[in-house]
Amino acid sequence: MPSEREIFDLSGPSHLTYVDWNNMYHGKSVAASLVQGVYILEKDRQGQRYGVNALAPPWWSFFNFQLLHTLVDDVDSSIFGAIYEFKPPPPPPPYNCSYNLHRSPRFVIAFRGTITNGDSVSRDFKLDMQCVINGLHQTSRAQIAIQAVRNMVTSVGGSNIWLAGHSLGSSMAMLAGKTMAKCGIYIESFLFNPPYISAPVEKIKAQKVKHGLRVAGSMITAGLTIAVKGKQQQMSFPTFDPFSALSAWIPCLFVNPSDPICSEYKGYFEHRQKMEEIGAGSIERLATQNSIVCLVMGAFGKDSEPLHLIPSASLTVNLSPSKEFKQAHGIHQWWKPQMHLESNLYKYS
């Protein structure tokens, strides 16, 4: 039997009968619902729910989207992504001036996260581990995702596309978004509970201790960066700096401080701001574009891509109380009304 959380009429944002595409709450609710649609597509496949028994279609059709294409993993044949096309209804009479499609996407490419039971669990967990060691970019699922995004950009242009993902799916969307941004194509992105692999410093309540640990971590990372990559290289001016090239791309990150998988993003950006304020911006710039794991692996000649390190983002934090990890990490929280949200824009080079 399907759970209540899989049924749109019971747990989806069915109250959102009108979408104002200039409203961030509306936009993120739609994006999160489309990601949930990918989860349910895979659960429909595993449960052999087809036709009238399928539970996935309402998650996109309610918002006037059509399923254009599914993205299938080449290892376990699971559905991990979907490409949706927006098919808006005919415009209302002229007197309804509130009708607004100005910022609506033409296409949305969405990626699900880990499903903890069923046929895909083994493959999903292996990819989770690749996130931990910064090796997701080398996996075949990631390559399928990136190629799908490239194809859509070539076909319709990056300005007509949204990227969306949750958890592991956020890492997929992050990787695709960063890849395109390095080519000068900036895709609007909605990343829910994006993984940030780090010690849980954000859980420390004492602000001075937390700040001290972050400063120490920055000093160690910056020092190790110079030692591994060479001081001369760091002082040179390369013709292309891939990290700086990302600064114009501003993905929308949605994190919950009670979720240890993504909570460090809050401290990551706040700490960089503090380091800039105390005149240590150059040190933090080195620290925020490198990770110790990547530096160590690079020293041994292994390719590594720290997905969580980005210079810019629109960061939204859900400060509403979460009773358990499942709630804090879940996709459902992001379309709930009356949440206590805090949003900040961070932009660095």
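Just so it is clear, the values below take in all heavy atoms, side chains as well, and ignore hydrogens, waters and symmetry mates. Since we're looking at a predicted model, the values are computed, not measured.
Salt bridge absent: Asp74 and Arg141 never bring a charged side-chain N and a carboxylate O closer than 4.0 Å. Contact check on Lys266 versus Glu264 returns no salt bridge, with no Lys/Arg side-chain nitrogen under 4.0 Å from an Asp/Glu carboxylate oxygen.
Closest approach of Gly37 and Trp59 over heavy atoms only: CA-CB, 3.8 Å. Heavy atoms only, all atoms of each residue included: Ser167 and Pro195 are closest at O-CD, 3.2 Å. Looking at every heavy atom in both residues, Gln333 comes nearest to Gln327 through NE2-O, 3.4 Å. In plain terms, the two heavy atoms of His340 and Ser320 that are nearest each other are N-OG, 2.8 Å. Closest non-hydrogen pair, Val30 versus Phe63, comes out as CG2-CD2, 3.8 Å. Smallest separation of non-hydrogen atoms from Tyr265 and Pro194: CE1-O, 3.5 Å.
Note: Phe62 and Phe8 meet the aromatic proximity criterion, with ring centroids under 6.0 Å apart. Phe107 has its ring centre no less than 6.0 Å from the ring centre of Tyr84.
In this structure, the separation between CG on Leu41 and OG on Ser78 is 11.5 Å, given to the nearest 0.5 Å. Between the CE atom in Met180 and the CE atom in Met152 there is a gap of 11.5 Å [rounded to 0.5 Å]. Taken from CD1 in Ile109 to CD1 in Ile83, the straight-line distance is 5.0 Å, to the nearest 0.5 Å. The CZ atom of Arg106 lies 9.0 Å from the CD1 atom of Ile161; values are rounded to the nearest 0.5 Å. Between the CD atom in Glu4 and the CG atom in Leu10 there is a gap of 5.0 Å [rounded to 0.5 Å]. Rounded to the nearest 0.5 angstrom, Gln147 CD and Gln143 CD are separated by 8.5 Å.
A donor-acceptor contact closer than 3.5 angstrom links the side chains of Ser322 and Asn256. One side chain, Trp334 or Asn193, offers a donor N or O that lies under 3.5 Å from an acceptor on the other. Residues His26 and Tyr18 bring no donor and acceptor atom of their side chains to less than 3.5 Å of each other. Under the 3.5 Å distance criterion, with hydrogens and angles disregarded, a donor-acceptor pair is assigned to the side chains of His329 and Asp259. Thr316 and Glu342 share no donor-acceptor pair across their side chains, judged by distance under 3.5 Å alone. Under 3.5 Å, the side chains of Ser120 and Asp76 contain no donor-acceptor pair of N or O atoms.
Contact of the Lys126 side chain with the Asp124 side chain is not registered, since no non-hydrogen atoms from C-beta on lie closer than 4.5 Å. Here the side chains of Val38 and Phe111 are not in contact, with every heavy-atom distance at 4.5 Å or above. A heavy-atom distance below 4.5 Å is found between the side chains of Pro337 and His15. Considering only heavy atoms from C-beta on, Val108 stays 4.5 Å or farther from Trp60 through its side chain. A heavy-atom distance below 4.5 Å is found between the side chains of Val317 and Pro257. For the pair Leu168 and Ser170, the minimum side-chain heavy-atom distance is 4.5 Å or more. Between Asn64 and Pro88, every side-chain heavy-atom pair lies at or beyond the 4.5 Å cut-off. Residues His137 and Gln130 are not in side-chain contact: their nearest non-hydrogen atoms beyond the backbone lie 4.5 Å or more apart.
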Please evaluate residues Tyr39 and His166 with respect to the criterion side chain to side chain donor-acceptor pair (under 3.5 Å), reporting the C-alpha separation (whole Å), side-chain torsions for both, the decisive distance (0.1 Å), and the verdict.
CA-CA 10 Å; Tyr39 276 108; His166 173 248; 2.7 Å; yes
Just do the side chain to side chain contact (heavy atoms under 4.5 Å, CB included) check on Leu341 and Tyr25 with the steps written out, would you?
CA-CA 10 Å; Leu341 301 179; Tyr25 168 74; 5.7 Å; no
Can Asn318 and Val255 be said to form a side chain to side chain contact (heavy atoms under 4.5 Å, CB included), step by step?
CA-CA 6 Å; Asn318 183 6; Val255 306; over 6 Å; no
Verify side chain to side chain donor-acceptor pair (under 3.5 Å) between Asp128 and Thr114, making sure each step is shown before the conclusion.
CA-CA 8 Å; Asp128 288 335; Thr114 301; 2.8 Å; yes
With side chain to side chain contact (heavy atoms under 4.5 Å, CB included) as the criterion, how do Ile310 and Lys178 come out once you've worked through the C-alpha distance, each side chain's angles and the decisive distance to 0.1 Å?
CA-CA 9 Å; Ile310 51 176; Lys178 290 176 73 171; 4.0 Å; yes
Is there a side chain to side chain contact (heavy atoms under 4.5 Å, CB included) between Val75 and Thr139 once you walk through the steps?
CA-CA 10 Å; Val75 174; Thr139 66; over 6 Å; no
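In the hydrophobic cluster analysis, where Ile, Leu, Val, Met, Phe, Trp and Tyr join through side-chain heavy atoms closer than 4.5 angstrom, Leu319 is grouped together with Tyr196. Under the 4.5 Å side-chain heavy-atom criterion for grouping Ile, Leu, Val, Met, Phe, Trp and Tyr, Met174 is not connected to Ile250 through any hydrophobic cluster. Taken together through direct or relayed side-chain contacts under 4.5 Å among Ile, Leu, Val, Met, Phe, Trp and Tyr, Ile115 and Val35 form part of one hydrophobic cluster. Phe125 and Ile79 end up in different hydrophobic clusters when Ile, Leu, Val, Met, Phe, Trp and Tyr side chains are linked at under 4.5 Å. Linking ILVMFWY residues whenever their side-chain heavy atoms come closer than 4.5 Å, directly or via other members, places Ile7 and Phe65 in the same cluster.
Remark: the backbone N or O of Glu85 is not paired with any side-chain donor or acceptor of Gln66 at under 3.5 angstrom. A donor-acceptor contact shorter than 3.5 Å links the side chain of Ser312 to the backbone of Ser247. Between the side chain of Trp249 and the main chain of Ile187, a donor-acceptor pair closer than 3.5 Å is present. A donor-acceptor contact shorter than 3.5 Å links the side chain of Thr154 to the backbone of Arg150. Under a 3.5 Å cut-off, the side chain of Ser314 and the backbone N or O of Cys252 do not form any donor-acceptor pair.
Not counting sequence neighbours, the partners of His332 by the ring-ring contact (aromatic ring centres under 6.0 Å, His included) test are Trp335. Scored by the salt bridge (charged side-chain N to carboxylate O under 4.0 Å, His left out) test, Lys326 finds no partners at all (sequence neighbours excluded).
For residues 40-65, the pairs satisfying salt bridge (Lys or Arg N to Asp or Glu O under 4.0 Å) are Glu6-Arg49, Glu42-Arg45, Asp44-Arg49, with sequence neighbours left out.
Using bins of under 30°, 30° to 60° and over 60° for the plane-to-plane angle, the ring pair Phe190/Trp162 lands in the tilted bin.
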